[in-house]
Amino acid sequence: MKILCGTSSQHLGNDLAIKLNIECVQANVRRFPDHECYVRIEREGLDKEVVIVQNTYPDNNIIELLFLIDAARSLGAEKVTCVIPYFGYSRQDKRFNPGEALSAQVMLKHLEMDTDRIITIDLHKPEILNWVKRIPAKDLHSEPAIGRFFMDSDVDLVLAPDKGADKRAEEVGLLIGVEFDHLVKTRLSGSEVKITPSQIDAKNKNVLIVDDIISTGGTIIAATNELKRLGAKNVFAACTHGLFIGGALEKLKMTCDRVVSTNTLESEVSKISVAEEIAKVL
Ligand code: R5P
């Protein structure tokens, strides 16, 4: 088996290869002057089994993934597993209005055509993988990796920003061996959320907020402000996918005592590797 690492997932792909003690192959990926993508794997051949690690976000990474699959096939790959650490378009998981594209389904339908297995991490709604009929598809979880990372960090309480994410807080809390709970969030707009004043006892505690995605940072900032109002000593934020749109990371650094994400999306704070979770499944 070989790992074939796309440009979006260099850290995770290499870490995965180290964990599995196999080679991580780098393709030559370039952009033409008109920005069209060029992919070549500069080798005579590949193993029969190839694991491609590449995000489908932003859009240019989708085409790179499709070309990596084709290039691997051309060199003899018979079983291609696509590990998609951050599955772009997963949030458009239904037609909210008539006439809308069902983006998540479109993505899966096209990927399934030339892939033998799909692995994702912390999909917003893992049920979307039920649309994949012909090949195995599995969503993995980052909670064990987040739990390991914060094991010795004096966390007293783990919180989810809303009820929908309380399983996440529960799992991390149980791993660290501390209490867990959730806040109550109302979304006011794309970037604004309201965290309802809560009864949670945060006084003098080190609180860890865990979420699947940090996008604009609005959720974590509102939750942190509420927790500080309740007397929390330190507020740490951890997410699986750190999108950090529109200067979110700078704003978060001014509000939280620590911000960290997994390496499904690479950034200066993607310190938690999910390679072990993927390696176990492979
Ligand atoms: C929402 O359901 C997600 O779990 C996240 O809470 C949300 O995507 C975070 O977005 P933002 O950082 O823009 O508040």
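In each ligand, atom 1 is the first atom listed, and ligand 1 is the first ligand listed.
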Undergrad: Taking only heavy atoms of the protein into account, state which residues are under 4.0 angstrom from an atom of ligand 1, in chain and number order.
TA: R91, H124, K185, R187, D211, D212, I213, I214, S215, T216, G217, G218, T219
Undergrad: Counting only heavy atoms not in E179 (residues, nucleotides, ligands), do more than 12 fall under 6.0 Å from its CD?
TA: no
Undergrad: Does one side chain, of Q54 or S8, offer a donor that lies under 3.5 Å from an acceptor on the other?
TA: yes
Undergrad: Using a distance-only test with no angle check, is there a side-chain donor-acceptor pair under 3.5 angstrom linking H241 and D122?
TA: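 The criterion, which ignores hydrogens and geometry beyond distance, is not satisfied for D122 and H241.
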Undergrad: Kindly compute the distance separating OH (Y57) from CG (L265), expressed to the nearest 0.5 Å.
TA: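 The OH atom of Y57 sits 7.5 Å away from the CG atom of L265.
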Undergrad: I'd like to know whether CD of E42 has more than 12 heavy-atom contacts from other residues, nucleotides or ligands below 6.0 angstrom.
TA: yes
Undergrad: Less than 4.0 Å between a side-chain N and a carboxylate O, is that true for R148 and E277?
TA: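 A salt bridge links E277 with R148.
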